[in-house]
Amino acid sequence: MDDLRKTIRRERNRKGLTQDQAGAAVSVSASSIGAFETGRMVPMPDTARALDALFETGTEIQEMSAKARVDGVAPWLRPWTDNERQATLLRWFEHSLIPGLLQTEAYARMILAAGPHRRDKLDELTAARMARQTAALDRDDPPTLVAIIGEAALRLGDGALMKDQLEHLVDVGHRPNVHIRVLPMSAGLHAGLAGAFVIASLPGANSPRLAYLDDQLRGRTVADTEEVGELDRTWESLSALALPCGQSRDLILRIVDEYN
C-alpha cells in the first residue's frame, strides 16, 4: 500500500496537478485522490487504468492497485491458492496422494479424472493445477516447501505414470527450498490417517499462520489459533516418524526401480 500511495502522490506532483485537477482528469473527486494518497482507498480497476494513462506510467498503478486489493483481504477469506502464492513456508502432509504442488501433469490429470469432474473440464482443471505450481514455486521468492508423503501414495497408480511422477519428485527435491520426506508404511497407525492438511506461514511479523484441510468438496481454510496449533502438533508427530530427505530419496528411487 505504501508504494501505491507514494507513487500516485509522486506522479501527480511530477505532472504539476492539484488533487482537484487529477480527480477531474480521471472522473473521481479530489477527496478520492487524497484517499488514494493516504492509503485509505485503493483505486478501482477503471480508475487505476485512467491514472496510468494520465501519469504515463504504463500498467504500474493498475498492478499495484490489484496487489493492494488482494493484500487488503483477510488471509482466511482469500482463495487458498492466493495464500500459497504469498507463503514463506508451506508444510504439507498427504497420506495417499502426491501433494498438488509436486504433481506431474499426467498424474494431476489422472487424479482429476478419478473425481466427479466433467470430462470436458479436465484440460482446464489440469492447466489450472499446473499454473498453481508455477505461481507458488517458480516465483522470484518461492516458499520453503516441506512435504511429508505417505509411502502408499508412491505406489498407487499406473506403472509408467508413477515412474515419471516419482522421478519428478526426485528432481524437484534437489531444489534448495523443497524438502520431501516419506512416511514409511512401517510407521503403522499414525495421526495423519485422519486426513491431509497444509500449514502456511505468511510474510510479515504479525501475519497469521493458516491451515488448509482437504475434503471431497472444496476444502476449508483454518485460521483459529488453537486449531492450527493442533495441526502443528500433528505435524510434529508425523515428522518424528518420517524418513530424512536423503533416506526418502533412496526409498523413492527403489520404488522407481520396481516400476522398471
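Below, all heavy atoms of this structure are taken into account, side chains as well, without hydrogens, waters or symmetry copies. For this chain, numbers begin at 1 and follow the sequence in order.
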- Message: I'd like to check the salt bridge (Lys or Arg N to Asp or Glu O under 4.0 Å) partners of Arg12; sequence neighbours left out, ordered by chain and number.
- Response: Glu37
- Query: Sub-3.5 Å donor-acceptor pair from the side chain of Ser65 to the main-chain atoms of Val42, do we have one?
  - Reply: no
- Task: May I ask you to decide if Pro244's main-chain N or O and Gln247's side chain share a donor-acceptor pair within less than 3.5 Å?
- Result: no
- Task: Report the residues that fulfil side chain to side chain donor-acceptor pair (under 3.5 Å) with Thr104, sequence neighbours left out, ordered by chain and then residue number.
- Result: Gln165
- Among all residues two or more places apart in sequence or in another chain, which pass the side chain to side chain donor-acceptor pair (under 3.5 Å) test with Asp123? Arg109
Name the atoms and distances for all side-chain donor-acceptor pairs under 3.5 Å in residues 236-243, with sequence neighbours left out.
{"from": "Ser237", "atom 1": "OG", "to": "Thr234", "atom 2": "O", "distance (Å)": "2.7"}
{"from": "Ser239", "atom 1": "OG", "to": "Arg181", "atom 2": "NH1", "distance (Å)": "2.8"}

- Determine which pairs satisfy side chain to side chain donor-acceptor pair (under 3.5 Å) with at least one residue from residues 42-52, sequence neighbours left out, and list them in order. Asp52-Thr57, Asp52-Gln62
- Message: Asp141: which residues meet the side chain to side chain contact (heavy atoms under 4.5 Å, CB included) condition with it, sequence neighbours left out?
- Response: Arg139
- salt bridge (Lys or Arg N to Asp or Glu O under 4.0 Å) contacts in which one or both residues fall within residues 125-135, not counting sequence neighbours: Glu84-Arg132
Show the atom names and distances, to 0.1 Å, of all donor-acceptor pairs under 3.5 Å that link a side chain in residues 250-258 to residues at least two apart or in another chain.
{"from": "Glu258", "atom 1": "OE1", "to": "Arg155", "atom 2": "NH1", "distance (Å)": "2.7"}

- Partners of His190 by ring pair (Phe, Tyr, Trp, His ring centres under 6.0 Å), sequence neighbours excluded? His95
- Note on the structure: Applying side chain to side chain donor-acceptor pair (under 3.5 Å) to Ser31 and not counting sequence neighbours gives Ser29
- Arg175: partners by side chain to side chain donor-acceptor pair (under 3.5 Å), with sequence neighbours left out: Asp138
- Query: Short question: side chain of Tyr259, backbone of Met162 - any donor-acceptor pair under 3.5 Å?
  - Reply: no
- Which other residues belong to the hydrophobic cluster containing Met130, where Ile, Leu, Val, Met, Phe, Trp and Tyr are joined when side-chain heavy atoms lie under 4.5 Å apart, directly or via other members? none
